[in-house]
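We're numbering straight along the sequence, starting at 1. This structure is a prediction, so every number in the text was calculated from the model and none was measured.
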Amino acid sequence: MSQEEAGFRDRVRLSFDLDADICVIGAGLAGLSIALEAARLGASVAVLEGRHIGWNASGNQLGTVLPGFALPLTDLIERIGFEDARELWTLSKEGAEFVRANATEENMPGIAPSNGVLEVSNVDAGDRLISRLQMLNEDFDTEVEGWQVDRVREVLKTDRYFHGVYYPKAFQVDGRKYVHGLAALARRAGARIFEDTPVVSIDHSGIRKRIVTPSARMRATHIVLAGNIHLGAPLRRLSETLLPVWRYAGITAPLGERVHEVIAFKGSVMDSDGVDHFRIFDGDRLMWESPETTWAARPQRFAGSIRRRIRTTFPELGNVEISEMFGGATGRTVHGMPQIGQLRKGLWVASGFGRQGMNISAMAGQMIARSILWGDESWKLFSPFELVWAGGATGRVAGQLVGIWGRASSAAAGSLARYRERARVKDRQREARLAEANRAAGTGPRRPPPAVRPRPAPPSKPAVREAEQAVEPASEDGVTSQ
């Protein structure tokens with residue numbers, strides 16, 4: 001990465017008082033998407049960032065883009081009904097297209113877009129796969145393909161995965177370059193971005209809201225809180241509705257051609273339990289995301305964990321070298337959906353994007369900008385998902401335990417599924433060997449004895465007598481013919 005991409009260029013701080021139509025707090029994916037869309041629609045926009053662009057989770061992710069939310073589709077339908085779930089799903093697809101339209105080589109050189117995302121199951125889930133495919137294809141107008149076990153293992157040389165759902169129109173980009181490219185597009189559209197400018201306090205009363213920073217003041221008609229768990233003291237109540245989760249990823253040293261022999265799939269791969277997420281990166285390196293915790297730690301601590309996950313999943317790769325580690329904190333909500341909408345007149349929120357994907361932060365940007373400038377009320381679809389306190393330190397402990405339990409359950413279910421598969425294979429092999437031995441010995445299963453025809457019951461005496469009289473008439477001399 002260049003110094004500019006890494007955030008080490010000369011940063012512009014807000015050092016003078018400023019008026020704008022919209023003030024966005026936070027220069028991550030959501031905040032920059034809002035700034036870009038609002039500036040394109042003609043508003044004056046200022047973005048305030050306490051550190052530098054994409055310093056946290058937004059600049060440290062794998063760059064996978066596909067439709068949907070972290071909350072499973074069946075749970076979403078149960079919560080808000082079929083029609084609203086369908087409308088939200090359509091909006092999530094529009095968010096993915098927003099990213100696709102921006103992430104071109106013309107707009108962002110070196111962004112390296114590529115198509116195809118494969119979601120694989122850790123257990124044999126063929127029946128559930130069929131119903132899910134039908135729902136996505138027929139009810140939610142999403143192009144997906146179901147892959148049988150043989151096809152999955154043809155492109156992923158491991159026995160840990162079974163069935164798969166392939167999204168041919170989903171894609172991935174260089175996630176760390178995208179956030180800086182998004183900032184460049186926003187600036188080009190007219191938005192002003194100020195880094196190293198933390199917000200000390202906000203006053204959201206009145207028509208013109210007031211924002212105080214260490215070196216200047218701002219006034220704006222609308223304020224958008226697009227931060228994460230780091231919104232700070234003035235907005236701590238909002239931060240406390242998020243469970244902080246740190247996710248870590250590693251990039252291997254170059255692996256040569258062997259990585260393509262073991263992983264022939266060119267796009268992103270993620271398992272259905274949300275444990276592993278990986279793809280081939282920079283030609284012959286492997287980018288792998290796995291460990292997570294509810295407390296901050298140095299990313300280098302998890303290099304050994306990622307190395308073991310790779311070796312366990314793909315034994316043919318052996319003990320790979322991890323050359324780079326990175327990670328960031330995301331905020332997850334209790335209900336599993338993002339926080340998008342208007343808290344009070346002129347005060348908006350776009351947060352809670354943990355496990356949501358790049359498409360949802362892009363969707364939030366479009367939705368809030370259009371709500372402010374066009375009066376679009378589609379954000380009300382998120383009204384059922386209210387701000388819920390995440391439990392503080394107790395919630396973080398519970399979240400850590402739930403995460404450990406979930407990973408252990410996934411591992412146990414996967415082990416049981418592989419054991420059953422091996423047992424079925426052994427049974428088939430045993431039957432095949434028995435059949436071959438019978439053929440070689442000229443024996444086989446005994447033929448059933450021929451069926452015995454039942455003998456007819458003898459006729460009764462009156463019937464015999466009547467038959468004799470009818471068949472043997474008397475002769476002329478009165479002697480019965482023989």
Side-chain angles (χ1 to χ4, degrees), residues 28-30 33 56-58 60-80 84-96 99 117 119-122 132 135-136 140 142 144 165 167 170 172 175 226 228-229 241-247 249 268-277 289-294 328-341 349-365 367 379 381-388 390-391 395-396 398-400 402-403 405-407 409-410:
L29 288 172
S33 298
N56 188 36
S58 292
N60 293 281
Q61 35 88 23
L62 269 63
T64 302
V65 187
L66 74 164
F69 299 85
L71 188 68
L73 186 53
T74 52
D75 295 344
L76 183 62
I77 294 172
E78 183 178 352
R79 179 74 183 265
I80 63 174
D84 285 352
R86 179 182 170 87
E87 192 168 348
L88 279 179
W89 189 271
T90 301
L91 290 170
S92 79
K93 291 167 61 178
E94 292 177 3
V99 178
V117 173
E119 181 185 328
V120 292
S121 63
N122 294 321
R132 184 180 175 194
M135 180 183 295
L136 289 173
F140 289 84
T142 301
V144 289
V165 177
Y167 296 83
Q172 46 276 317
N228 204 325
I229 61 173
T241 65
L242 301 173
L243 176 67
V245 176
W246 280 261
R247 193 81 188 264
S268 297
V269 180
M270 59 185 68
D271 67 12
S272 54
D273 293 329
V275 176
D276 292 317
H277 181 189
E289 185 180 49
S290 182
E292 63 181 26
T293 176
T294 56
T330 61
R332 293 187 193 162
T333 58
V334 174
H335 45 62
M337 290 291 285
Q339 299 170 342
I340 301 173
V349 61
S351 186
F353 296 108
R355 282 194 177 178
Q356 298 295 339
M358 293 175 65
N359 63 310
I360 303 303
S361 57
M363 179 200 73
M367 184 180 293
W379 62 269
L381 290 167
F382 289 92
S383 297
F385 306 101
E386 300 174 347
L387 301 179
V388 181
R396 295 173 74 172
Q400 184 76 6
V402 168
W405 171 259
R407 290 190 293 272
S409 299
S410 172

Under a 4.5 Å cut-off applied to non-hydrogen side-chain atoms, are [X] and [Y] in contact?
X: Leu381; Y: Met367; value: no
X: Ile360; Y: Met363; value: yes
X: Leu242; Y: Thr333; value: yes
X: Thr330; Y: Arg247; value: no
X: Phe382; Y: Leu88; value: yes

Where [X] and [Y] come nearest, the two heavy atoms and their spacing:
X: Ser272; Y: Ser121; answer: OG-CA, 3.5 Å
X: Ala364; Y: Ala350; answer: CB-CB, 4.4 Å
X: Ala96; Y: Asn359; answer: N-CB, 3.6 Å
X: Trp246; Y: Thr294; answer: CZ3-O, 3.3 Å
X: Ser33; Y: Ala362; answer: OG-CA, 3.9 Å
X: Ser58; Y: Gly28; answer: OG-CA, 3.5 Å

Would a distance-only check, ignoring hydrogens and angles, find a side-chain to backbone donor-acceptor pair under 3.5 Å from [X] to [Y]?
X: Glu292; Y: Val275; result: no
X: Asn228; Y: Gly331; result: yes
X: Asn56; Y: Gly328; result: no
X: Asp276; Y: Asp271; result: no

Could you state the interatomic distance from [atom1] ([X]) to [atom2] ([Y]), rounded to the nearest 0.5 Å?
X: Gln339; Y: Gln356; atom1: CD; atom2: CD; answer: 10.0 Å
X: Arg332; Y: Phe353; atom1: CZ; atom2: CZ; answer: 14.5 Å
X: Asn60; Y: Glu289; atom1: CG; atom2: CD; answer: 10.0 Å

Item to check | Non-neighbouring partners of Arg132 that pass side-chain hydrogen bond (donor to acceptor under 3.5 Å, both in side chains), sequence neighbours left out | outcome: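 Partners of Arg132 under the side-chain hydrogen bond (donor to acceptor under 3.5 Å, both in side chains) test: Glu119, Tyr167.
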
Checklist entry - Which of parallel (below 30°), tilted (30 to 60°) and perpendicular (above 60°) describes His335 and Phe385? => result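 Tilted: the ring planes of His335 and Phe385 meet at 30° to 60°.
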
Below 3.5 Å, can you tabulate the donor-acceptor pairs from side chains in residues 62-80 to any protein atom, sequence neighbours excluded?
| residue | atom | partner | partner atom | Å |
| --- | --- | --- | --- | --- |
| Thr64 | OG1 | Ser268 | OG | 3.0 |
| Thr64 | OG1 | His277 | NE2 | 2.8 |
| Arg79 | NH2 | Pro384 | O | 2.9 |

